[in-house]
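For reference, the structure is listed below as structure tokens.
Remember, it's a predicted structure, so these values are computed and weren't measured experimentally. To find a chain, count down the sequence lines: A is the first, B the second, and so on, and within it residues start at 1.
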Protein chains: 2
Amino acid sequence: MDNVSQEDYLTAIYRNLDEAGEIKPNLLASKLEISNAAVTDMLRKLSRDGFVDYQKYKGIKLTGEGELYAKNMLRRHRIWEVFLHQTLGMPWDKVHDEAEKLEHSSSDEIINLLEEFLEYPEVDPHGYPIPDKNGKIKKSKTVVAITELNENDTAKVIRVNDDVKNLLSYVTKIGISLGKEIIVKDKLEYDGSVLMMIDRKEVNISNKIASNIFVEKIK
Amino acid sequence: MDNVSQEDYLTAIYRNLDEAGEIKPNLLASKLEISNAAVTDMLRKLSRDGFVDYQKYKGIKLTGEGELYAKNMLRRHRIWEVFLHQTLGMPWDKVHDEAEKLEHSSSDEIINLLEEFLEYPEVDPHGYPIPDKNGKIKKSKTVVAITELNENDTAKVIRVNDDVKNLLSYVTKIGISLGKEIIVKDKLEYDGSVLMMIDRKEVNISNKIASNIFVEKIK
DNA sequence: TTATATATTTAAGTTCGCTTAAATTTATAA
DNA sequence: TTATAAATTTAAGCGAACTTAAATATATAA
Ligand SMILES: [Mn+2]
Ligand SMILES: [Mn+2]
Ligand SMILES: [Mn+2]
Ligand SMILES: [Mn+2]
């Protein structure tokens, strides 16, 4: 397969599987920002080519081959992100969009050389794990969304969702980066927002944002 | 413009302009390995979009904008080649095909950062000059094809055509690399081939190959 | 259970970049 | 100059990846 669209479909499917390992066309369409009709169309092709299990009106599953392909795309994407951030000094809120293009234009050979050059990084600049050549993903620390914390919990930021538009640049603005310590001061009942301390400053973040920042509880 | 094909057309046009600054559709088609009809089609679009001057049955010229765009593509291409060869250690006969894809997927920002990281290289791994941000190309040494040399001339390899299939890997096999010294022993009248010394070994290369290796005469 | 809302598929149509075949123009050679 | 060859354009058509609108199936709520 040598195709930008199909590769983005597979990645989007893999990233958004539910607990049952499925995804609905409607969600996929919204993640890819295209029409439902286009998704139906493409699902037939991906199914014909053996990358997804698809039956009309049923949830979409990846085949073994499809899952491997998707994980390899994540590998390419994340290794490029590390390179752009770490080697070229590009800010973490810009690397995703660039990697979104580069991932389709680089042979496995380039990716393997890059990985070696970068000394085998384990996570991308947003804290997501990098699959190895065989699609194996190291099981990472147990993390929870900030929304799961309780009052007075102290936690360390491990991962921030890199798939949400403008989230990273906003999060940067309020002082959050990987490894940063936060302390939950208050959880507001009526809107689910969270009041917390970052660098000795009080910051209130909405429930929506809190649900996309993943942390490791300290003690 | 955000298009692989159009970008490759512009680059191919620029690289193959004749002394009059023009190229014929037929040559362009063969360089791009597509039909003449496809070229006619695309020329209308490139003309409509202001990148080429085109009138039916006349030679194709680049507009100012078209030339700038083409040179920027060469810049991207060659900077990627330097990175792949120099930083990742990919052999010089493999980097061209990879760069052919990467050139379309990288913002000017990435290219500028890469250029800085590489410490502003002046030529790509095949000896071709790298245009700067403004499209300026440093005028390089005066070179001649090996076919232009005379018996007993000594010369240094400065540039090898990177656009000819399998040329680089062949040339590598017979011991030629950038900077290598050669001595012309004999020029065969009947087929234009050249007999020369490389590393104290006698090597005969065809006229076609000799015409794609560029050297600087020594003394 | 039935009405209504939502999700999904089907149908028809568009743009892009290509193809082959036929028509036409330009170049070359007798 | 004229016949022939070569280059170029035109015409028709294809697959990929989209779109919008309409039809149909499924989910949800009264
Ligand atoms: Mn992508
Ligand atoms: Mn990421
Ligand atoms: Mn290219
Ligand atoms: Mn080159």
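When every heavy atom of A/His85 is checked against every heavy atom of A/Trp92, the shortest pair comes out as ND1-N, 3.6 Å. Residue A/Glu22 comes nearest to A/Gly59 through the heavy atom pair OE1-CA, 3.7 Å, listed as atom of the first residue, atom of the second, then distance.
Here the C1' atom of nucleotide D/dA6 and the CG atom of B/Leu28 are 17 Å apart, to the nearest Å. Distance A/Leu43 CG to D/dA17 P: 12 Å, rounded to the nearest Å. Taking atom NZ on B/Lys58 and atom C1' on C/dT25, their separation rounds to 12 Å, with Å as the unit. Between the C1' atom of D/dA16 and the CE atom of A/Met42 lies a distance of 8 Å, rounded to the nearest Å. The distance from atom CG of B/Asn26 to atom P of D/dA6 is 11 Å, rounded to the nearest whole Å. As a whole-Å value, the separation of B/Ile60 CD1 from D/dT8 C1' is 10 Å. When the P atom of C/dC16 is taken as reference, atom CG of B/Leu46 falls 12 Å away, rounded to whole Å. Atom CD of A/Gln55 and atom P of C/dA7 are 21 Å apart (whole Å).
Under 4.0 angstrom from either OP1 or OP2 of C/dG17 there lies at least one side-chain N or O belonging to B/Asn3. Put simply, B/Lys45 has no side-chain N or O that comes within less than 4.0 Å of OP1 or OP2 on C/dC16. Put simply, B/Tyr57 has no side-chain N or O that comes within less than 4.0 Å of OP1 or OP2 on D/dA6. At C/dT8, none of the side-chain N or O atoms of A/Tyr54 fall inside 4.0 Å of OP1 or OP2 (strictly under the cut-off). Listed pair B/Gln6 / C/dC16 fails the phosphate criterion, with no side-chain N or O lying under 4.0 Å from OP1 or OP2. Of the side-chain N and O atoms in A/Lys56, one or more sit less than 4.0 angstrom from OP1 or OP2 of C/dT10. For C/dT9, the OP1/OP2 oxygens have no side-chain nitrogen or oxygen of A/Arg44 closer than 4.0 Å. Phosphate proximity of D/dA16 to A/Tyr9: absent, as no side-chain N or O sits under 4.0 Å from OP1 or OP2. Between B/Ser35 and C/dT20 there is no side-chain N or O to OP1 or OP2 distance below 4.0 Å.
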Evaluate the side-chain hydrogen bond (donor to acceptor under 3.5 Å, both in side chains) criterion for residues A/Asn207 and A/Asp191: first the C-alpha distance (whole Å), next the side-chain angles of each, then the deciding distance (0.1 Å), finally the verdict.
CA-CA 7 Å; A/Asn207 183 272; A/Asp191 70 349; over 6 Å; no

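Ring orientation note: the planes of A/Phe117 and B/Phe83 are nearly perpendicular, at an angle over 60° on the 30°/60° scale.
If A/Lys24 and B/Ile34 are placed on DNA chain C by their nearest nucleotide, the residue sitting closer to the 5' end is A/Lys24. Ranked by how close their nearest DNA chain C nucleotide is to the 5' end, B/Glu33 and A/Asn36 are led by A/Asn36.
Here C/dA11 is the nucleotide among C/dA11, D/dT9, C/dC18 with the atom lying nearest to any side-chain atom of A/Ala37. The side chain of B/Thr40 has D/dT10 as its nearest neighbour among D/dT10, C/dG17, D/dA16.
Judged by a 6.0 Å distance limit and a 45° cone about the ring axis, B/Arg15 is positioned over the six-membered ring of B/Tyr128.
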